[in-house]
Q: 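Just dropping this structure here.
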Amino acid sequence: MSLQSLLQSRVATALIAAGIDPALAVVTPAADTRFGDYQTNAAMVAAKSLKKNPREVAAAIVAHLQVGDLSEVPQIAGAGFINFKILDAALSDAVNAVRLDDRLGVVPVADPKTILIDFSSPNVAKPMHVGHIRSTILGDSLTGIARQLGHHVITDNHIGDWGTQFGKVIYGWKHFLNREALEKAPIEELVRLYREVNALEESNPAIKETVRGELVKLQQGDEENLSIWNQAVAYSWKEFERLYGLLEITFDERLGESFYNDALGPLVERLLTKGIAELSEGAVCIFFRDIPALEDKPCLIRKGDGGYLYATTDLATLEYRQERWKPDAVWYVTGAPQQLHFHQVFAAAQRLGITSDLRHVAFGSILGEDRKMMKTRSGENVELGGLLHEAMERALSVVVEKNRDLPDAERHEIARIIGLGAVKYADLMQHRLTDYVFSWEKMLSFQGNTAPYLQNAYVRIRSIFRKAAESGVSTEENTIVIQAPAERALALQLLQFGEVLTAVLDDQRPNLLCLYLFELANAFHSFYEACPILKSEGDIRSSRLALAEVTARVLKTGLGLLGISVPERM
RNA sequence: GCAGCCGUAGCUCAAUUGGAUAGAGCAUCUGACUACGGAUCAGAAGGUUAGGGGUUCGACUCCCUUCGGCUGCACCA
């Protein structure tokens, strides 16, 4: 049990003794460290409903508090804050417990949930672009964090493999396909086919019918078209896998939109029979007359021409997932513009009797330096592959400049770790709902809240240990004894790791973990400056070495949960 | 028109059930240096949290309202 939860349970006991609801026993790190290390605002919250003076309530709680083994006498301050100053001995014990814990103080949740996370979802025959990067990176980090906390997570890549674009792709495949180009750069070739047919349609409108015919044939199960489609999907996936491999991201499930085709018709019929959906202007819609925000916004599930829509597929997908995984929660990691869509789908799902906790993990856009949606100079989407390679190249030139002694192969590996880490961190460090401006300069800077800064903090600690080994200093079996202020601050920060992960998952916000790691690195650097490690001796030296070692492990683990690796040198 | 998101330091962003004097980074300024990796640290300066009203002991946070930006809104996904 963490020090914080230990304090919390003591507060709960005191609340019961004082006749107050123990659910109010919330202990947080002190907002202002001048007042102490931890605080509880329970007295002020309780005073509100009890209609009593907060300070008197606080006094009643403190009278029942038994924390002598953990903290100095709790102080009441301000409007009714109760502050705890942790005893050095208790702090030392707590941080030693983290040191000896493989999980670094992260306590698995008492009630593990089955969480299905839907993210990335690129479109077949189109390149992955910056629009997919946030979904991919956010989804992957949430997966790692949820699993670390003991949840059962299923990752599902709901790829767009059944769009109307296939009419054009198939027509192009039949008339203009370049096999060699397809082998070499599959998506590039598929995009070329698409564009070629597009241009053809412009100059020769008569061709449109034929192109539409190819799509209809595909939908009706025509063997040749189905085979072309299958190949297009397989070639596209091959290229996606290259990117996922580079990013070190894997999926448990990869069921595209096409997988649900057969379920769409019966689903719509069922919704009609149940009276959930109705015919309107030739289409089938679900109306939400009882939900003010959706009153005038029906959800279309079958077009007048019999075709199905985005919402239809999403509902069918949801039903399949309920059946297959029985998830407690389903998280959709997609952009904020789709909020209305999910509002509708979730409302419809509720009428279908689906009770899982459905969440739209929405995020903002990536903007260019001009503060508009990030595009290339010619106005096209920026391709993810190119962007990642540019990141690695830029990182390489920094590494070459900063460290001239490294062998070439190691340099490239370091550049990969730093470049990809920088891109991922720049994205995750932001509150997910805010749009953010993409800046190479900022994300690759070694100063400030960036991946390279955190990676460097880790590298610096590793360097201390290499030095220790060279000079024969033992780094085994060290016990941490907290004394100096900088040691206290670092130790307190280390104890927060588990708590932070819980907070991240509560609201699907990895930026809280980024913030935590940044503050941890800061706390370490202050400690590093104020408390000489190798220049000290005996128990102090071994204590400080151990503190540095735990810091390195938390940094490495925390960054790992964000999908970011660390080098040993850089 | 309806709905959603957002508006915080010059810039980019934080702010843990509504809590203490709204915090970081970048940029600017001042210190520390033959350095356990200075790729660092210590410090200064920088704010009417878009405006107004309300609830509260207490509001960046909740409610109402005005302004401004972005996005979505029946047969694309």
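Numbered from 1 within each chain, the chains take letters A, B, ... in sequence-line order. No hydrogens, no waters, no symmetry mates; every other heavy atom, side chains included, goes into these values.
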Q: Using the C1' atom as the reference point in each nucleotide, state the distance between B:C26 and B:C63 in Å, no decimals.
A: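 Going atom to atom, C1' in each nucleotide, I get 37 Å.
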
Q: Once you apply a heavy-atom cut-off of 4.0 Å, does A:Ala77 come out as touching a base, just sugar-phosphate, or nothing?
A: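 If one applies the 4.0 Å heavy-atom cut-off, A:Ala77 turns out to touch a base.
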
Q: Determine the contact category for A:Asn53: base if any of its heavy atoms lies under 4.0 Å from a base atom, sugar-phosphate if only primed atoms, P, OP1 or OP2 are that close, otherwise nothing.
A: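 Answer is nothing: A:Asn53 stays at 4.0 Å or more from every strand.
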
Q: Can you label the angle between the A:His158 ring and the A:Tyr260 ring as parallel, tilted or perpendicular, going by 30° and 60°?
A: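 Rings of A:His158 and A:Tyr260: tilted, as their planes differ by 30° to 60°.
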
Q: For A:Phe35, which contact category applies under a 4.0 Å heavy-atom criterion: base, sugar-phosphate, or nothing?
A: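 Result for A:Phe35 = base.
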
Q: Closer than 4.0 Å, any side-chain N/O of A:Tyr308 to the OP1 or OP2 of B:A74?
A: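 False: A:Tyr308 side-chain N/O out of range (4.0 Å or more) of B:A74 OP1/OP2.
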
Q: Ring-plane angle category for A:Phe259 and A:Tyr320, please: parallel below 30°, perpendicular beyond 60°, tilted otherwise.
A: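 Answer is perpendicular, since the angle exceeds 60°.
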
Q: Pick base, sugar-phosphate or nothing for A:Ala336, based on heavy-atom distances below 4.0 Å to the nucleic acid.
A: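 No contact.
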
Q: Under 4.0 Å, counting only non-hydrogen atoms across every strand here, what does A:Phe342 touch: a base, just sugar-phosphate, or nothing?
A: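 Nothing, no nucleic acid heavy atom in range.
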
Q: Looking only at side-chain atoms of A:Gln430, point me to the closest of B:A74, B:C13, B:A3.
A: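 My answer, after comparing the listed nucleotides, is B:C13.
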
Q: When you compare B:A50 with B:G10, how far apart are their P atoms, in angstrom units rounded to a whole number?
A: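 One P to the other, the span is 13 Å.
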
Q: Write down the atom of A:Leu264, the atom of A:Ala316, and the distance for their closest heavy-atom approach.
A: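 Heavy-atom minimum between the residues: CD2-CB, 3.7 Å.
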
Q: Given the structure, check if the side chain of A:Lys48 and the base of B:G58 hold any donor-acceptor pair shorter than 3.5 Å.
A: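 Checked by distance alone, the answer is yes.
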
Q: Which nucleotide wins on minimum distance to the side chain of A:Gln339, given the candidates B:G4, B:C57, B:A20?
A: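 Looking only at side-chain atoms, A:Gln339 lies closest to B:G4.
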
Q: Over all strands shown, is A:Ala503 touching base, sugar-phosphate only, or nothing at heavy-atom distances under 4.0 angstrom?
A: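 Nothing, no heavy atom under 4.0 Å.
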
Q: Assuming nearest nucleotide by heavy-atom distance, tell me which of A:Gly163 and A:Lys297 is located more 5' along RNA chain B.
A: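 Nearest-nucleotide comparison on RNA chain B picks A:Lys297.
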
Q: What is the nucleic acid contact for A:Cys531, judged by heavy atoms within less than 4.0 Å: base, sugar-phosphate only, or nothing?
A: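 Contact class for A:Cys531: base.
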
Q: Can a donor-acceptor pair under 3.5 Å be found between the side-chain atoms of A:Thr164 and the base atoms of B:A77?
A: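 It does not, because no donor-acceptor pair links the side chain of A:Thr164 to the base of B:A77 below 3.5 Å.
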
Q: Looking at side-chain heavy atoms only, is the closest gap between A:Asn403 and A:Met570 below 4.5 Å?
A: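 They are not in side-chain contact.
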
Q: Please state whether the phosphate of B:U40, meaning OP1 or OP2, lies under 4.0 angstrom from any side-chain nitrogen or oxygen of A:His525.
A: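 No, no such contact exists.
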
Q: Please classify the nucleic acid contact of A:Ile533 as base, sugar-phosphate, or nothing, using heavy-atom distances under 4.0 Å.
A: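 Base contact.
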
Q: When you compare B:U65 with B:G19, how far apart are their C1' atoms, in angstrom units rounded to a whole number?
A: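 Their C1' atoms lie roughly 27 Å apart.
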
Q: Measuring from the side chain of A:Gln447 (C-beta onward, heavy atoms only), which nucleotide among B:C26, B:A35, B:C41 has the closest atom?
A: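 Of all the options, the side chain of A:Gln447 is nearest to B:C26.
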
Q: Once you apply a heavy-atom cut-off of 4.0 Å, does A:Met570 come out as touching a base, just sugar-phosphate, or nothing?
A: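 Since a base atom lies under 4.0 Å of A:Met570, the category is base.
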
Q: Could you tell me whether A:Glu441 and A:Arg394 have a side-chain N and a carboxylate O separated by less than 4.0 Å?
A: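 Judged by the 4.0 Å cut-off on N to carboxylate O distance, A:Glu441 and A:Arg394 do not form a salt bridge.
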
Q: Look at the side chain of A:Gln338 and the base of B:A77, then say whether one donor and one acceptor between them are separated by less than 3.5 Å.
A: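 No, the side chain and the base share no sub-3.5 Å donor-acceptor pair.
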
Q: For the side chain of A:Ala283, starting at C-beta, report the closest nucleotide among B:C13, B:U17, B:A74.
A: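 For A:Ala283, the side-chain atoms sit closest to B:A74.
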
Q: Counting only side-chain nitrogens and oxygens, does A:Ser526 get under 4.0 Å of the OP1 or OP2 atom of B:A42?
A: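 Yes, A:Ser526 has a side-chain N/O under 4.0 Å of OP1/OP2 on B:A42.
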
Q: Which class fits the ring pair A:Phe342 and A:Tyr310: parallel under 30°, tilted 30 to 60°, perpendicular over 60°?
A: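 Ring orientation of A:Phe342 relative to A:Tyr310: perpendicular.
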
Q: Could you tell me how far B:A35 sits from B:A14 if I compare only their P atoms? Round to whole Å.
A: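 Looking at atom P only, B:A14 and B:A35 are 40 Å apart.
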
Q: On the 0 to 90° scale, with breaks at 30° and 60°, tag the A:His129-A:His132 ring pair as parallel, tilted or perpendicular.
A: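 Aromatic pair A:His129/A:His132 classed tilted.
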
Q: Base, sugar-phosphate, or nothing: which does A:Leu24 touch, judged by heavy atoms less than 4.0 Å apart?
A: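 The answer is nothing, as A:Leu24 stays clear of every strand by at least 4.0 Å.
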
Q: Could you let me know what B:U21 is paired to, Watson-Crick or G-U wobble, both distances under 3.5 Å, or none if it's on its own?
A: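 B:U21 is paired with nothing.
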
Q: Can you tell me the base-pairing partner of B:G43? Count Watson-Crick or G-U wobble geometry only, both distances below 3.5 Å, and say none if there is no partner.
A: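 The answer is B:C29, by the H-bond criterion.
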
Q: Categorize A:Pro337 for me: base, sugar-phosphate, or nothing, with a 4.0 angstrom heavy-atom threshold over every strand shown.
A: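 The residue A:Pro337 makes sugar-phosphate contact but no base contact.
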
Q: Is the ring centre of A:Phe81 under 5.5 Å from the base ring centre of B:A20, and are the two planes under 30° apart, so that they stack?
A: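 A stacking contact exists, since A:Phe81 sits close and nearly parallel to the base ring of B:A20.
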
Q: If I pick the C1' atom on B:U40 and the same atom on B:C57, what distance separates them, to the nearest angstrom?
A: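 Nearest-Å result for B:C57 against B:U40 at atom C1': 44 Å.
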
Q: For B:U16 and B:U61, measure between their P atoms and round to the nearest Å.
A: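 The answer is 12 Å between these two P atoms.
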
Q: Under 4.5 Å between any side-chain heavy atoms of A:Ile480 and A:Asn478, yes or no?
A: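 No; the side chains remain at least 4.5 Å from each other.
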
Q: Identify whether any heavy atom of A:His431 sits under 4.0 Å from a base atom; if not, whether one sits that close to sugar-phosphate; answer base, sugar-phosphate or nothing.
A: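 Sugar-phosphate contact only.
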
Q: Sticking with atom C1', work out how far B:G52 lies from B:U12, rounded to a whole angstrom.
A: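 One C1' to the other, the span is 29 Å.
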
Q: Given B:C75, B:G19, B:A3, identify the nucleotide with an atom nearest to the side chain of A:Leu309.
A: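 Within the option list, the nearest is B:C75.
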
Q: Any side-chain N or O of A:Lys51 less than 4.0 Å from the OP1 or OP2 oxygen of B:C57?
A: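 The answer is no; no side-chain N or O of A:Lys51 sits under 4.0 Å from OP1 or OP2.
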
Q: Side chain of A:Asn41, base of B:A20: donor and acceptor closer than 3.5 Å?
A: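 Not at all, since no donor on one side and acceptor on the other fall under 3.5 Å apart.
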
Q: Using a cut-off of strictly less than 4.0 Å, decide whether A:Arg460 has a side-chain nitrogen or oxygen near OP1 or OP2 of B:G38.
A: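 Yes, within the criterion.
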
Q: Report the residue (A:Asp305 or A:Thr434) whose heavy-atom-nearest nucleotide on RNA chain B is the more 5′ of the two.
A: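 On the 5' side of the pair lies A:Thr434.
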
Q: Considering every strand and a 4.0 Å limit on heavy-atom distances, what is the contact class for A:Val500: base, sugar-phosphate, or nothing?
A: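 No contact.
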
Q: Give me the distance, rounded to whole Å, that separates B:G53 from B:A59 when you measure between the P atoms they each carry.
A: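 B:G53 and B:A59 have their P atoms separated by 13 Å.
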
Q: Just call it for A:Glu295: base, sugar-phosphate, or nothing, with non-hydrogen atoms closer than 4.0 Å on any strand.
A: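 A:Glu295: no heavy atom of the nucleic acid under 4.0 Å.
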
Q: Answer yes if the ring centres of A:Phe346 and A:Tyr332 are under 6.0 angstrom apart, and no otherwise.
A: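 They qualify: ring centres under 6.0 Å apart.
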
